[in-house]
Amino acid sequence: MRSDLRILDVGCGEGRHSLAAAGRGARVTALDKDETKIAQGRSVAEESGLKIDWQVVDLQAEWPDLGEFDMVMVFNYLDRPRVPRIVERLAPGGILMMETFLATQRQLGWGPQNDQHLLNVGELSRLVAPLEVVHGREVLEPVDAERWRAVASVIAQLRPPSS
């Protein structure tokens, strides 16, 4: 991974994805509203010698001025009204990686149950417009021997303006 690659991890929790990206040399900014989870991620980063810009941010309020990023990661977090804010953080040519639960998850007995946090079939690619979807999927897949998960994923790109 390029050492100048700027990555934003939205709703990072304890920072599993932030830690992986920083471990590969990316410059990572990690946002979450949960101070305890941010502190846990920061501790792991320090123990591993990784530099990550951890920020406690109420994702439903105004965000600090963060600039643009080469990649934005959003995993297991859904806030439909704020998806445009996430898309706006991409630099031209930037990539959005997003994955979260489908409404089918409710029937599997674990995970989010509230419609606000569950995607409808076919919804994710529409939510990330005007980005160009490079890859998308909706799957039911095993988590372990006991549990399955229903998720939608997308890799989408903000095409640079043509010259």
- When you measure from the side chain of S43 to the backbone N and O of A39, does any donor-acceptor pair fall under 3.5 Å? no

- Message: Considering only residues two or more places apart or on different chains, which pairs with a residue in residues 87-109 satisfy ring-ring contact (aromatic ring centres under 6.0 Å, His included)?
- Response: F101-W110

- Task: Just do the side-chain contact (heavy atoms from CB on, under 4.5 Å) check on V44 and E14 with the steps written out, would you?
- Result: CA-CA 9 Å; V44 172; E14 295 173 8; over 6 Å; no

- Are side-chain heavy atoms of L140 and L102 found at a separation under 4.5 Å? no

- Transitively linked via ILVMFWY side-chain contacts under 4.5 Å: M97 with V151? no

- Tell me whether I86 is reachable from F75 by hopping between hydrophobic residues (I, L, V, M, F, W, Y) whose side-chain heavy atoms are closer than 4.5 Å. no

Listing, residues 152-161 side-chain donor-acceptor contacts under 3.5 Å, not counting sequence neighbours, or none:
from: S153; atom 1: OG; to: E99; atom 2: OE2; distance (Å): 2.4
from: S153; atom 1: OG; to: R137; atom 2: NE; distance (Å): 3.2
from: Q157; atom 1: OE1; to: R159; atom 2: NH1; distance (Å): 2.7
from: Q157; atom 1: NE2; to: G93; atom 2: O; distance (Å): 2.9
from: R159; atom 1: NE; to: E132; atom 2: OE1; distance (Å): 2.6
from: R159; atom 1: NH2; to: E132; atom 2: OE1; distance (Å): 3.4
from: R159; atom 1: NH2; to: E132; atom 2: OE2; distance (Å): 3.0

- Item | V28 and D53, any side-chain heavy atoms less than 4.5 Å apart | no

- Quick one: does V10's side chain get under 4.5 Å of V72's, heavy atoms only? yes

- Task: Could you tell me the separation between the CZ atom of R149 and the CD atom of Q105, rounded to the nearest 0.5 Å?
- Result: 8.5 Å

- With L131 as reference, evaluate L96, I95, V83 under the side chain to side chain contact (heavy atoms under 4.5 Å, CB included) test and give the passing residue. L96

- Task: Hey, could you give me the CD/SG distance between Q55 and C12, rounded to the nearest 0.5 Å?
- Result: 10.0 Å

- salt bridge (charged side-chain N to carboxylate O under 4.0 Å, His left out) pairs, two or more places apart, involving residues 28-50: none

- Query: Is there a side-chain contact between T29 and I7 (heavy atoms, below 4.5 Å)?
  - Reply: no

- Query: What is the distance from atom CG of D70 to atom CG of D4, rounded to the nearest 0.5 Å?
  - Reply: 7.0 Å

- Message: I'd like to check L78 versus L127 (side-chain heavy atoms, cut-off strictly below 4.5 Å). Are they in contact?
- Response: yes

- Item | Pairs flagged by ring-ring contact (aromatic ring centres under 6.0 Å, His included) wherever residues 22-50 is involved - sequence neighbours left out | none

Taking distance alone, no hydrogens or angles, what donor-acceptor pairs closer than 3.5 Å link side-chain atoms of residues 111-122 to residues at least two apart or in another chain?
from: Q113; atom 1: NE2; to: G111; atom 2: O; distance (Å): 3.1
from: N114; atom 1: OD1; to: Q116; atom 2: N; distance (Å): 2.7
from: D115; atom 1: OD1; to: R106; atom 2: NH2; distance (Å): 2.0

- Task: Could you state whether V56 and V74 fall into the same hydrophobic cluster, counting links through intermediate Ile, Leu, Val, Met, Phe, Trp or Tyr residues with side-chain heavy atoms under 4.5 angstrom apart?
- Result: no

Distance-only donor-acceptor hits, side chain of residues 15-23, under 3.5 Å, sequence neighbours excluded:
from: S18; atom 1: OG; to: D9; atom 2: OD2; distance (Å): 2.7

- Message: Just verifying a value: how many Å separate L124 CG and T100 OG1, rounded to the nearest 0.5 Å?
- Response: 8.5 Å

- Verdict with reasoning, L5 to R27, per side-chain contact (heavy atoms from CB on, under 4.5 Å): CA-CA 6 Å; L5 188 69; R27 293 183 306 152; over 6 Å; no

- Task: Could I get the full list of side chain to side chain donor-acceptor pair (under 3.5 Å) partners for D79, not counting sequence neighbours?
- Result: Y77, R82

Enumerate, atom names and distances included, each donor-acceptor pair closer than 3.5 Å involving a side-chain atom of residues 58-69, sequence neighbours excluded.
from: D58; atom 1: OD1; to: Q60; atom 2: N; distance (Å): 3.0
from: W63; atom 1: NE1; to: L59; atom 2: O; distance (Å): 3.0
from: D65; atom 1: OD1; to: G67; atom 2: N; distance (Å): 3.4

- From L90 atom CG to L8 atom CG, the distance as rounded to the nearest 0.5 Å: 9.0 Å

- Message: The criterion is side chain to side chain donor-acceptor pair (under 3.5 Å); which residues satisfy it with R80, sequence neighbours excluded?
- Response: E123

- For W148, enumerate each residue passing the ring-ring contact (aromatic ring centres under 6.0 Å, His included) test, keeping only those at least two apart in sequence or located in another chain. none

